[in-house]
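Chain naming here is simple, since letters A, B, ... match the order of the sequence lines and numbering starts at 1 in each.
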2 protein chains.
Amino acid sequence: MTPQVTLKTISKFTGFSVTQVSRALTGYSDVSEETREKILAAAKELGYYPNSTARQLQKQRTDTVGLILPTHGPRFSDPYFSELIAGIGDELTSYGIDLLISTQAPNPDEISAYRRMVEGKRVDGLIVVRTRNQDERIKYLLGTSLPFVAFGRSDLGVDFNYIDEDGEAGINQLTEYLINLGHRKIGFISAPLNLMFANYRLQGYRNALIKNNIPLKQEYIFEGDLTRKGGGKGAKWLLGLSERPTAIIASNDLMALSVISYAQEIGLSIGKDLSVAGFDDVPPSDIFSLTTLRQPIYNIGRLLCSMLFKLINKEDLDEPQILLKPDLIIRNSTGKPLTQ
Amino acid sequence: MTPQVTLKTISKFTGFSVTQVSRALTGYSDVSEETREKILAAAKELGYYPNSTARQLQKQRTDTVGLILPTHGPRFSDPYFSELIAGIGDELTSYGIDLLISTQAPNPDEISAYRRMVEGKRVDGLIVVRTRNQDERIKYLLGTSLPFVAFGRSDLGVDFNYIDEDGEAGINQLTEYLINLGHRKIGFISAPLNLMFANYRLQGYRNALIKNNIPLKQEYIFEGDLTRKGGGKGAKWLLGLSERPTAIIASNDLMALSVISYAQEIGLSIGKDLSVAGFDDVPPSDIFSLTTLRQPIYNIGRLLCSMLFKLINKEDLDEPQILLKPDLIIRNSTGKPLTQ
DNA sequence: AATTATATCCGAAACGTTTCGGATACCCTT
DNA sequence: AAGGGTATCCGAAACGTTTCGGATATAATT
């Protein structure tokens with residue numbers, strides 16, 4: 001390690017006190033133009049860089065925001081997170097704030113990962129993603145005074161700051177669209193129901209059926225796991241029923257793509273024999289011509305950060321809770337059912 | 001903010017000195033069983049959590065590793081990075097180390113993002129991804145004493161620690177496979193040639209052709225940008241040539257998928273009229289039955305961290321440079337060319 | 001009984017920064 | 001010439017932790 005150049009180094013070099021050096025470098029008032037220049041020159045010559053740890057300790061502020069990614073083993077390749085991180089990162093960069101990421105499976109240890117960040121004072125704020133029913137993380141954070149924002153709502157009966165997409169309205173619209181095409185037998189592959197968004201989406205499906213007087217069939221609802229494999233299982237189940245659905249809605253694109261894959265395997269023509277729709281509009285979905293609901297994940301990332309930044313600076317939010325309506329993108333994977 | 005519980009708080013509470021409290025909590029020898037228990041109990045009761053900033057300052061170690069993602073605006077949804085981050089995160093978590101992420105477009109400001117992390121002493125080590133020709137970041141890091149590992153080689157004529165996939169061997173094998181199927185007119189959609197891996201992959205393509213006495217045609221090589229759009233442009237170019245290729249290799253799956261999409265649009269049957277292959281084997285590629293080269297990105301992430309962790313602890317690496325051979329996954333997007 | 005070893009403790013300095021509360025010197029009033 | 005204002009500076013404390021070098025008391029040794 002090259003010995004670190006500190007304020008003291010510059011102080012000795014220029015003859016001014018550490019105080020004066022600090023002030024000159026941070027642009028404080030109490031320093032004459034002449035000495036400021038001398039000090040700036042010395043700093044440049046010596047290659048001074050402020051030690052951020054020391055600064056953090058003194059200012060009691062880390063200029064860092066935390067994000068704990070809920071991963072489940074090796075396969076966590078939801079393109080979703082790439083885009084979210086890009087959005088978050090870009091926005092934070094514009095504020096000069098860094099992002100501290102930790103991965104953690106949603107198990108009993110999870111909260112201690114949060115505690116480490118929060119109570120160890122590693123971050124000024126936190127972003128919570130993929131909210132769950134009775135979300136422990138949010139309960140915990142509400143008990144601390146650390147600013148946080150969530151991507152997703154929860155059912156705690158307490159107010160907190162979040163952004164969410166209106167999955168219920170989205171799926172509702174999608175389901176109605178399918179019904180209007182003439183579908184009556186519509187299967188639904190859900191996300192794990194402990195995730196909040198899974199419930200909203202399922203609710204949107206239910207409401208649309210009820211409103212159109214189509215009886216709900218429990219066997220038409222399959223709880224998947226958002227992965228490719230889960231989608232495959234759901235497809236197998238639904239397409240193996242004696243009263244096979246003419247349309248399948250999946251809670252995310254990844255699963256929808258699996259449905260397409262499996263359906264093709266067993267010789268069904270997509271958009272004719274079977275309509276398939278998803279949720280997310282991840283990059284490859286357009287190639288499949290998948291009908292889906294688009295949510296602007298990159299922008300949600302940015303928005304989350306701008307909210308959090310305000311909270312950290314104790315500013316008021318004009319919109320403490322934001323609900324975004326996803327866009328229905330109609331492509332060729334859905335069509336009228338064959339007359340039977 | 002609830003007032004922070006510090007060592008001093010516990011010190012006052014128990015009557016022992018701050019020194020003793022610190023030692024008791026970090027499991028030092030110089031403290032009797034009795035007082036250790038008292039102190040531990042007090043710490044628990046008061047809800048003590050060590051302030052990591054203060055600890056970092058004292059220990060001159062941050063237990064943090066940095067990663068600067070080269071993003072280019074909103075569309076950066078390479079699933080590639082999700083998986084890499086998951087691998088990195090999971091491995092680091094097992095060491096109790098955090099990941100500090102910053103996004104930064106590859107522009108002249110890029111180096112200052114690195115300087116901030118390095119010279120501000122924010123991290124103990126750094127991971128460099130997507131290495132480039134004459135990579136400025138690596139040049140810079142070599143001049144500092146900070147441990148780092150790279151995902152990818154560079155052409156600096158200097159040794160540094162990296163992991164890379166052997167793109168040359170991979171593409172070589174793929175090209176030979178196409179040649180053996182009978183293809184003679186093979187187009188290549190490259191990645192931007194300032195990226196190191198783009199050159200290796202291109203070289204693999206060239207070598208295979210030369211070895212098999214197939215003349216290189218400059219017009220068969222198109223420099224894409226790894227995005228969906230770039231792939232589409234490449235497809236348009238190659239399939240618009242008077243001597244249209246019978247096979248197209250793309251430098252990544254995203255572009256390959258675009259080729260498939262465009263080819264289908266103009267009525268070509270994939271795997272028959274046109275063979276298409278990619279690189280990466282990202283999640284949706286199997287659905288397209290895309291022939292591709294698979295690299296274990298998640299594991300590369302883990303491996304990078306285990307190397308870096310050793311470097312940080314000043315251990316020797318048994319393998320300072322690792323070259324992984326990608327697996328050729330043959331699917332239905334490639335086949336014999338039609339007899340002409 | 002004097003000496004040495006051991007166990008347990010603590011004060012103070014250090015990490016590098018910011019900032020509060022003065023101090024000094026100078027100039028301008030009156 | 002005495003007073004007050006202003007510009008410029010600095011010492012010292014603080015942020016919360018770790019750790020070096022001793023201090024004290026007790027036990028073991030001769």
Side-chain angles (χ1 to χ4, degrees), chain A residues 1-40 42-43 46-64 116-124, chain B residues 1-40 42-43 46-64 116-124:
Chain A
M1 297 275 175
T2 48
Q4 180 160 212
V5 177
T6 75
L7 292 181
K8 206 197 277 183
T9 322
I10 302 182
S11 163
K12 278 182 187 152
F13 188 84
T14 60
F16 292 102
S17 74
V18 168
T19 307
Q20 225 36 15
V21 174
S22 168
R23 295 187 133 147
L25 293 175
T26 50
Y28 213 80
S29 60
D30 254 16
V31 42
S32 78
E33 203 44 54
E34 199 189 334
T35 72
R36 183 195 306 283
E37 273 167 21
K38 277 189 196 163
I39 289 174
L40 255 58
L46 297 171
Y48 171 75
Y49 251 80
N51 180 308
S52 57
T53 308
R55 185 174 272 181
Q56 284 170 26
L57 179 59
Q58 160 64 31
K59 300 199 110 173
Q60 296 290 82
R61 168 172 178 143
T62 61
D63 288 319
T64 304
R116 274 216 342 274
M117 275 207 189
V118 174
E119 298 175 49
K121 300 246 187 287
R122 293 216 70 171
V123 296
D124 294 337
Chain B
M1 298 273 177
T2 47
Q4 180 161 212
V5 177
T6 76
L7 291 182
K8 206 196 276 183
T9 321
I10 302 182
S11 163
K12 277 182 186 152
F13 188 83
T14 59
F16 291 101
S17 75
V18 169
T19 308
Q20 223 38 13
V21 174
S22 168
R23 295 187 133 146
L25 293 176
T26 51
Y28 213 79
S29 60
D30 254 18
V31 42
S32 77
E33 204 42 55
E34 199 189 334
T35 72
R36 182 195 307 283
E37 275 166 21
K38 278 188 196 163
I39 290 175
L40 254 58
L46 297 171
Y48 171 76
Y49 251 79
N51 180 308
S52 57
T53 308
R55 187 175 269 180
Q56 284 170 28
L57 179 60
Q58 161 63 29
K59 300 200 111 173
Q60 296 290 83
R61 168 172 178 144
T62 60
D63 289 319
T64 304
R116 273 217 341 274
M117 275 206 188
V118 175
E119 298 176 50
K121 300 247 187 288
R122 291 214 74 169
V123 295
D124 295 336

Hey, is the side chain of [X] poking within less than 4.0 Å of OP1 or OP2 on [N], counting only N and O atoms?
X      : N       : answer
R55(B) : dT18(D) : yes
S17(A) : dC10(D) : yes
Q56(B) : dG16(C) : no
Y48(B) : dT17(D) : yes
Q58(A) : dA14(D) : no
S32(A) : dC9(D)  : yes

Query raised in the report: Between dC15(C), dT18(D), dC9(C), which nucleotide has the shortest distance from any of its atoms to the side chain of Q60(B)?
Result: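 Nucleotide nearest to Q60(B)'s side chain: dC15(C).
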Report task. Side chain of L57(B) only, please: which of dC15(C), dT17(C), dT18(C) is the nearest? Result -> dC15(C)
Query raised in the report: Does G15(B) or P50(A) map to a spot on DNA chain C nearer the 5' end, using the closest nucleotide for each?
Result: G15(B)
Can you measure [X] atom [atom1] to [N] atom [atom2] for me and round it to whole angstrom units?
X       : N       : atom1 : atom2 : result
Q20(B)  : dT18(D) : CD    : C1'   : 13 Å
E119(A) : dT17(D) : CD    : P     : 13 Å
R23(B)  : dC10(C) : CZ    : P     : 11 Å
K12(B)  : dG16(D) : NZ    : P     : 11 Å
L7(B)   : dA12(C) : CG    : P     : 18 Å
E33(A)  : dC9(D)  : CD    : C1'   : 16 Å
I39(B)  : dC10(C) : CD1   : C1'   : 12 Å
K59(B)  : dG16(C) : NZ    : C1'   : 18 Å

Pair of N/O donor and acceptor under 3.5 Å linking [N] base with [X] side chain:
X      : N       : value
T19(A) : dG11(D) : yes
S22(B) : dT19(D) : no
T53(B) : dG16(D) : no

Query raised in the report: Atom CD in Q20(A), atom CZ in R36(A): separation rounded to 0.5 Å?
Result: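 The CD atom of Q20(A) sits 9.5 Å away from the CZ atom of R36(A).
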**Report entry** CZ on F16(A) to NZ on K38(A), rounded to 0.5 Å
**Finding:**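 If we round to the nearest 0.5 Å, K38(A):NZ and F16(A):CZ are 5.0 Å apart.
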Query raised in the report: What does N51(A) touch in the nucleic acid at a heavy-atom separation under 4.0 angstrom: a base, only the sugar-phosphate, or nothing?
Result: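 The answer is sugar-phosphate, as N51(A) gets under 4.0 Å only of primed atoms, P, OP1 or OP2.
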Report task. Assess the side chains of T64(A) and R122(B): does a donor N or O sit below 3.5 Å from an acceptor N or O? Result -> yes
Query raised in the report: At their closest point, which heavy atom of V21(A) faces which heavy atom of T14(A), and how far apart are they?
Result: CG2-OG1, 4.4 Å
Query raised in the report: Are the side chain of T53(A) and the backbone N or O of T53(B) linked by a donor-acceptor pair below 3.5 Å?
Result: no
Requested in this report: Ignoring hydrogens and angles, tell me if any N or O in the side chain of T62(B) forms a donor-acceptor pair with the backbone of Q56(B) under 3.5 Å.
Outcome: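 Not confirmed, T62(B) side chain does not pair with Q56(B) backbone.
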